[in-house]
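Here is the structure we will look at.
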Amino acid sequence: MQESYDPAAVERAAQQYWDERRAFEAREDSTRPKYYCLSMLPYPSGRLHMGHVRNYTIGDVLTRYLRMHGYNVLQPMGWDAFGLPAENAAISNGVPPARWTRENIAHMRAQLKSLGFAIDWRRELATCDPQFYRWNQWLFLRMREKGLAYRKSGVVNWDPVDQTVLANEQVIDGRGWRTGAPVQKREIPMYYLAITRYAEELLRSLDTMQDWPERVRVMQANWIGRSEGCDIAFRYAPDAVEAVGSAGALRVFTTRADTLYGATFMAVAAEHTVALAAARHNAALAAFIEECRRGSVTEAEVATQEKKGMPTGLHVLHPFTGAPLEIWVANYVLMAYGEGAVMGVPAHDERDFEFALRNGLPVVTVVRSASGAYDEARAPWTAAYAEYGVTVNSGEFSGLTSQDAMNAIAAALERKGLGGKRVQYRLRDWGISRQRYWGCPIPIIHCGSCGEVPVPDEQLPVVLPEDLVPDGSGNPLAKSPAFYECRCPKCQGSARRETDTMDTFVDSSWYFMRYACPDAPAMVDARVGYWLPVDQYIGGIEHAILHLLYARFWTKVMRDFGMIGFGEPFTRLLTQGMVLNDIYSYQGEAGRKRYFNPADVDTRRGPDGVEVQEVVTPELGTVRVTHEGLGKMSKSSGNGVDPEGLVESFGADTARLFIMFASPPEQTLEWSDEGVQGASRFIRRLWNAVYEHVAAGAAPALEPLTLSASQRELRRAAHQALAKATDDIGRRRSFNTAIAAVMELLNSIGRCSDASPQGRAVRQEALSIAIRVLAPITPHVCHALWQALGFTSALVDERWPTPDAAALAQQRHAIVVQVNGKLRAHISVPVDADEAAVRAAALADAHVQKFVAGKAVRRVVVVPGKLVNVVV
RNA sequence: GCGAAAGUGGCGGAACUGGCAGACGCGCUGGACUUAGGAUCCAGUGGGGAAACCCGUGAGAGUUCGAGUCUCUCCUUUCGCACCA
């Protein structure tokens with residue numbers, strides 16, 4: 001054994017050992033329980049970032065921990081290789097996205113390998129590989145056959161200068177990121193997947209997913225947004241019939257049908273047919289609709305903008321009173337939700353109330369609180385009354401509770417053929433069309449005479465050409481006749497291939513199945529039945545809704561197609577927090593802000609005693625920088641820490657240990673160079689402890705019954721640390737406290753200088769426990785230390801130790817004594833003492849007596865094994 | 001705007017089921033060793049107080065023998081909002 005710890009040599013040797021034995025190749029084996037441990041696949045951006053390191057370290061710790069518990073563990077890796085950044089890189093340096101992506105994958109694969117993850121690399125896949133994405137196309141066509149995939153129009157961000165569709169991310173303050181031109185909303189035809197058909201099941205099965213974090217389940221449930229309500233058709237008044245060109249009705253959905261008599265106006269989205277019809281002869285309204293078209297399509301933007309509206313001059317008729325209600329166009333009504341129209345009930349809806357106040361619309365109270373706490377005559381109006389209550393001013397429906405009124409009104413509407421009860425979801429169908437190059441082609445051919453024609457299965461995959469270079473204006477596929485010119489499969493006439501590609505969420509909705517059978521000639525095969533569902537899935541909280549919901553949907557579709565036998569893809573979910581670091585910036589004279597990496601920032605105390613942060617730059621000399629606080633590590637904030645440099649200077653084990661110790665996995669992690677030093681120091685202390693122990697020669701066999709009190713104490717500390725770490729990793733996924741337990745154990749080992757044969761035997765056991773517990777976290781150094789302790793087995797195949805009940809047993813334990821809830825004494829009682837004895841011992845304590853003397857003891861609360869509270 | 005989460009020493013965090021607030025680590029202070037220390041080891045380290053003790057988990061109220069933990073109101077920060085992945 002080397003006297004001092006050399007991480008590079010230790011890690012090289014351990015990795016070589018695992019590689020030579022193909023230690024991480026997972027094979028189907030029906031004799032062992034399987035465990036599929038999966039981390040979300042990375043986007044190949046070029047270099048690993050700390051978020052990746054954190055994600056894959058958590059996965060690797062669990063993989064190795066479960067392997068030590070006898071599971072047949074699969075941990076695969078792949079690349080989410082399609083997407084926008086590759087196109088952006090192509091625009092800035094002219095390299096085709098395919099080449100850029102594959103070079104990035106090669107570099108990042110090497111980086112992952114240097115971290116020593118127990119990955120079965122034989123199963124590696126990249127979503128840009130035709131042998132992968134052909135199955136996106138194949139399943140899309142199956143979904144289309146069932147009506148689960150269909151075409152309709154949707155709204156996108158349009159850059160009028162570049163003549164291109166922009167992603168939400170590419171819209172900055174309502175302007176195109178490259179051109180600076182104000183973005184417009186534009187409607188184009190797109191393909192959708194009917195996820196709403198699964199809304200009910202996606203919602204309902206959340207209740208059974210107890211191993212998902214509560215908050216993720218709540219977020220998904222809210223996203224699906226089931227609401228029970230009522231459809232109401234407001235028939236067009238003659239003016240609206242004339243404008244629209246036919247008789248008909250304005251349909252709305254409401255969860256508050258009980259407030260129907262309080263409707264004083266109607267509001268429709270700017271894209272609504274009634275709005276467009278009214279605008280034909282109304283220049284001001286047309287201008288307002290045009291104004292609503294500005295800005296991006298994101299819900300956040302729509303919801304935070306100033307609520308504006310304009311009357312159309314057209315009317316509908318109240319279904320019961322026949323009273324005319326004017327139709328307004330309002331920018332807060334979303335075309336995508338419900339019918340794109342709402343009934344305005346200012347008295348009982350906050351938003352309608354605000355809108356009515358602004359536009360001088362009447363407010364009519366139709367619900368009062370049952371207790372009378374709400375005064376209908378109250379004036380001036382200050383707020384809407386949005387609670388349930390009892391109806392008033394509602395014709396034949398007056399005097400009912402809100403619930404009864406909703407039932408009665410829905411029934412009456414149904415009798416008149418003007419609506420009825422309905423369940424509405426907030427969830428919308430999933431638009432998968434992207435007007436972009438670097439993605440999976442949608443396998444459709446548009447024929448002048450046959451219309452939309454699916455690409456026949458035998459012509460799949462529709463291969464994406466890899467030599468195009470996007471230039472930022474439009475989709476290069478749409479400018480490439482070699483791609484889009486084709487024959488119609490039906491009539492053999494000349495036709496045009498669809499040039500839109502699929503959302504990359506399609507790839508990530510099923511990639512985890514392909515790992516089970518990467519070479520299958522079908523989309524999936526029987527091996528999926530062995531490995532799936534994923535037992536533990538790990539990834540960023542930012543994926544809590546979209547990716548996870550889409551993957552759940554896709555899985556249910558494949559189940560219903562009879563391809564797989566499970567309906568939920570991920571049994572247990574861990575959502576890891578982000579990695580943060582300090583952000584330092586310098587405001588130059590030109591006004592452009594520059595960011596500096598925290599590693600380059602020097603802190604010194606100025607003459608006035610105040611700390612200042614400075615950076616030395618070649619161009620500007622020494623400049624003073626501002627600490628902007630903590631933020632997610634990112635290129636734009638210049639605060640990333642490169643994992644490669646970290647591995648070079650400290651080793652993979654230090655990086656892994658720090659990341660697992662610095663905070664619980666679900667919380668954000670604040671980067672700390674001192675913390676990294678601390679992790680490195682701990683590993684060296686462990687190394688030194690083993691070195692000193694081993695240098696004294698082999699330890700004799702442990703004889704537990706002959707131990708001295710101090711030897712028993714160390715042995716107890718070792719088994720206690722083991723019991724805690726086992727529970728912390730296995731049940732709680734609380735890696736930081738498991739590591740703390742081992743640190744405490746190493747402190748105990750260090751305090752014990754017992755050189756007797758049994759003293760050394762106890763130390764041998766304690767060290768061997770520490771090393772096995774740390775093995776999943778710092779596998780390389782533990783591999784070396786295990787051998788140094790004299791074990792001939794490979795640590796990677798070793799079983800996790802079991803705490804010895806005899807070692808943990810105690811004769812007495814400590815009880816705390818409170819008087820009136822304040823801590824006053826510690827006492828020690830035999831473990832088998834009964835409640836009366838504990839109570840007596842507590843009251844007998846001199847310090848307790850000091851606070852009890854002269855007062856009447858009203859009550860004594862005894863919590864066995866823990867505490868006594870004397871109430872006086 | 002809507003949805004979700006988080007606020008505990010100088011810092012990261014611990015306290016798992018309502019029961020000793022601050023485990024473990026960082027930093028800091030003192031000491032040892034050393035030509036030297038950004039190495040290593042030892043001791044100390046929530047605030048106030050000479051002490052007895054008192055105070056202390058974002059703010060305010062409540063429930064309880066007992067609240068960091070439960071309930072309500074508020075404040076701040078972070079994440080998501082459907083075309084970033």
Side-chain angles (χ1 to χ4, degrees), chain A residues 40-43 45 80 82-85 88 154 156-157 165-171 190 213-216 218-219 221-223 225 296-305 307 332 336 351 426-436 503-505 508 540-547 549-550 577-578 580 629-632 658 661-664 666-679 681-682 684-685 688 727-728 731-732 734 736-737 739-744 747 750 814-818 820-823 826 850 858-861 863 866-872:
Chain A
M40 290 180 187
L41 83 179
Y43 179 80
S45 55
D80 188 17
F82 277 137
L84 207 49
N88 295 338
V156 294
N157 301 305
V165 175
L166 297 177
N168 287 336
E169 187 193 49
Q170 297 172 311
V171 179
M190 299 198 288
E214 168 81 11
R215 64 167 160 159
V216 174
V218 171
M219 279 195 271
N222 289 334
W223 185 262
S296 96
V297 300
T298 68
E299 191 184 323
E301 170 148 328
V302 172
T304 51
Q305 70 196 353
K307 286 174 191 54
Y332 68 88
R351 243 175 3 178
R426 203 187 76 97
L427 182 67
R428 309 199 293 256
D429 277 346
W430 173 16
I432 59 159
S433 291
R434 298 292 180 268
Q435 297 68 43
R436 275 192 266 286
D503 182 2
T504 57
F505 276 129
S508 55
I541 183 70
E542 66 274 19
H543 296 290
I545 295 174
L546 291 178
H547 159 57
L549 197 61
Y550 291 147
M578 295 182 310
L580 311 182
L630 285 166
K632 183 177 176 173
F658 168 70
F661 180 62
S663 48
E666 312 232 56
Q667 285 181 31
T668 57
L669 184 152
E670 297 182 18
W671 195 258
S672 155
D673 286 333
E674 292 79 14
V676 173
Q677 304 264 1
R681 185 178 308 143
F682 172 73
R684 284 200 306 272
R685 282 181 55 214
N688 294 340
D727 185 53
D728 282 352
R731 179 179 62 90
R732 300 174 62 207
S734 172
N736 53 329
T737 53
I739 293 167
V742 182
M743 288 176 166
E744 280 187 84
N747 290 341
I815 300 277
V816 298
V817 186
Q818 297 178 334
N820 285 347
K822 291 201 172 184
L823 178 66
H826 292 86
K850 194 170 128 192
R858 293 220 324 259
R859 189 173 164 188
V860 179
V861 181
V863 182
K866 268 187 180 162
L867 161 145
V868 177
N869 189 13
V870 182
V871 186
V872 297

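Where A:A740 and A:T737 each meet RNA chain B at their nearest nucleotide, the meeting point lying more 5' is that of A:T737. Of the residues near RNA chain B, A:D728 and A:V218, the one whose nearest nucleotide (by heavy atom distance) lies more toward the 5' end is A:V218.
Comparing the C1' positions of B:G27 and B:G60 gives a spacing of 34 Å, expressed to the nearest Å. Comparing the same atom, C1', in B:G31 and in B:G25 gives a spacing of 22 Å after rounding to whole Å. Across B:C84 and B:C74, the matching P atoms stand 33 Å from one another, rounded to whole Å. Distance noted for atom P between B:A39 and B:A23: 23 Å (whole Å). With P as the reference atom, B:U57 and B:U69 are 9 Å apart, rounded to whole Å. Distance noted for atom P between B:G68 and B:U8: 15 Å (whole Å). Look at the P atom in both B:G18 and B:A6: the space between them is 15 Å, to the nearest Å. Atom name P, nucleotides B:A52 and B:G66: the rounded distance is 26 Å, in whole Å.
Within the 4.5 Å cutoff, side-chain heavy atoms of A:N88 are placed close to those of A:Q170. No side-chain heavy atom of A:T504 sits less than 4.5 Å from a side-chain heavy atom of A:Y43. Residues A:N820 and A:R858 fail the side-chain proximity criterion, which asks for heavy atoms closer than 4.5 Å. By the 4.5 Å heavy-atom criterion applied to side chains, A:T737 and A:R732 are counted as neighbours.
A:N820 places its CG atom 8 Å from the P atom of B:G66, with the value rounded to the nearest Å. Going from atom CD of A:Q305 over to atom P of B:G1 covers 13 Å, rounded to whole Å. In this entry the distance linking CZ of A:R681 with P of B:G37 reads 17 Å, nearest Å. Between the C1' atom of B:A15 and the CG atom of A:D727 lies a distance of 15 Å, rounded to the nearest Å. One atom, CD of A:E666, and another, P of B:A5, lie 12 Å apart when rounded to the nearest Å. A straight line from CG of A:L867 to P of B:C20 spans 7 Å, rounded to a whole angstrom. Here the P atom of nucleotide B:G12 and the CD atom of A:Q677 are 19 Å apart, to the nearest Å. Atom pair A:E670:CD and B:G7:C1' shows a separation of 12 Å (rounding to whole Å applied).
Contact annotation: A:R732 side-chain N/O to B:A15 OP1/OP2 distance is under 4.0 Å. Taking 4.0 angstrom as the limit, A:N688 places none of its side-chain polar atoms (N or O) nearer than this to OP1 or OP2 of B:U40. Between A:N869 and B:G19 there is no side-chain N or O to OP1 or OP2 distance below 4.0 Å.
In this structure, B:G56 makes no Watson-Crick or G-U wobble pair, since no nucleotide meets both defining distances under 3.5 angstrom. Pairing of B:A39, defined by two Watson-Crick or G-U wobble distances under 3.5 Å, is not identified with any nucleotide. Look at B:U69: it lacks any Watson-Crick or wobble partner with both distances under 3.5 angstrom. Base pairing analysis places B:G3 opposite B:C79; the two distances defining the Watson-Crick or G-U wobble pair are each below 3.5 Å. Base pairing of B:A14 is not made with any nucleotide, judged by Watson-Crick or G-U wobble geometry with both donor-acceptor distances under 3.5 Å. As the counterpart of B:U63, no nucleotide is assigned, since no Watson-Crick or G-U wobble pattern has both distances under 3.5 Å. Look at B:C28: its Watson-Crick or wobble partner, with both distances under 3.5 angstrom, is B:G44.
Contact of A:R731 with B:C16 (side chain to base): a donor-acceptor pair of N or O atoms is detected under 3.5 Å.
Base orientation of B:G47: anti, since the glycosidic angle falls outside 90° of 0.
When all heavy atoms are compared, the tightest approach of A:S296 to A:E301 is N-OE2, 3.1 Å. Nearest heavy atom pair, residue A:R436 against residue A:A167, reads NH2-CB, 3.9 Å. Taking both residues in full, the closest heavy atoms of A:V156 and A:Q435 are given as CG1-OE1, 4.4 Å, listed atom of the first, atom of the second, then distance. Taking each heavy atom of A:E666 and A:P213 in turn, the nearest pair found is OE1-CG, 4.2 Å. Here the closest heavy-atom approach between residue A:F658 and residue A:E670 is recorded as CZ-O, 4.0 Å. The nearest pair of heavy atoms linking A:R215 to A:I541 is CZ-CD1, 3.7 Å.
Picking from B:C53, B:C24, B:C65 the nucleotide with the shortest atom distance to the side chain of A:N747 gives B:C24. Closest approach to the A:R215 side chain among B:A5, B:G13, B:A21 is made by B:A5 (side chain taken as heavy atoms from C-beta onward). Relative to the side chain of A:E674, the nucleotides B:G3, B:C26, B:A21 differ in distance, and B:C26 lies closest. Considering only the side chain of A:Q818, B:G19 comes nearest among B:A14, B:G1, B:G19.
The backbone N or O of A:W223 lies less than 3.5 Å from a partner atom in the side chain of A:R426, making a donor-acceptor pair. A donor-acceptor contact shorter than 3.5 Å links the side chain of A:N157 to the backbone of A:V297.
At the heavy-atom level, A:R684 lies under 4.0 Å from the strands shown only through sugar-phosphate atoms. Residue contacts shown for A:K307 are absent, as no nucleic acid heavy atom lies under 4.0 Å away. Residue A:V871 is in sugar-phosphate contact alone, with no base atom involved, counting any heavy-atom pair closer than 4.0 Å across all strands shown.
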If you restrict it to nitrogen or oxygen atoms, what contacts under 3.5 Å exist between nucleotides 54-57 of chain B and the protein, and what is each distance?
unit_1	atom_1	unit_2	atom_2	d
B:C54	OP1	A:R824	NH2	3.2
B:C54	OP2	A:R824	NH1	3.2
B:C55	OP2	A:K822	NZ	2.9

For nucleotides 75-85 of chain B, just jot down a letter per nucleotide in 5' to 3' order: B, S or -, based on protein non-hydrogen atoms under 4.0 Å. ----SSBBBSB
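Test A:V871, A:V868, A:V861, A:N869 against A:Q818 for side-chain contact (heavy atoms from CB on, under 4.5 Å) and you get one pass: A:N869.
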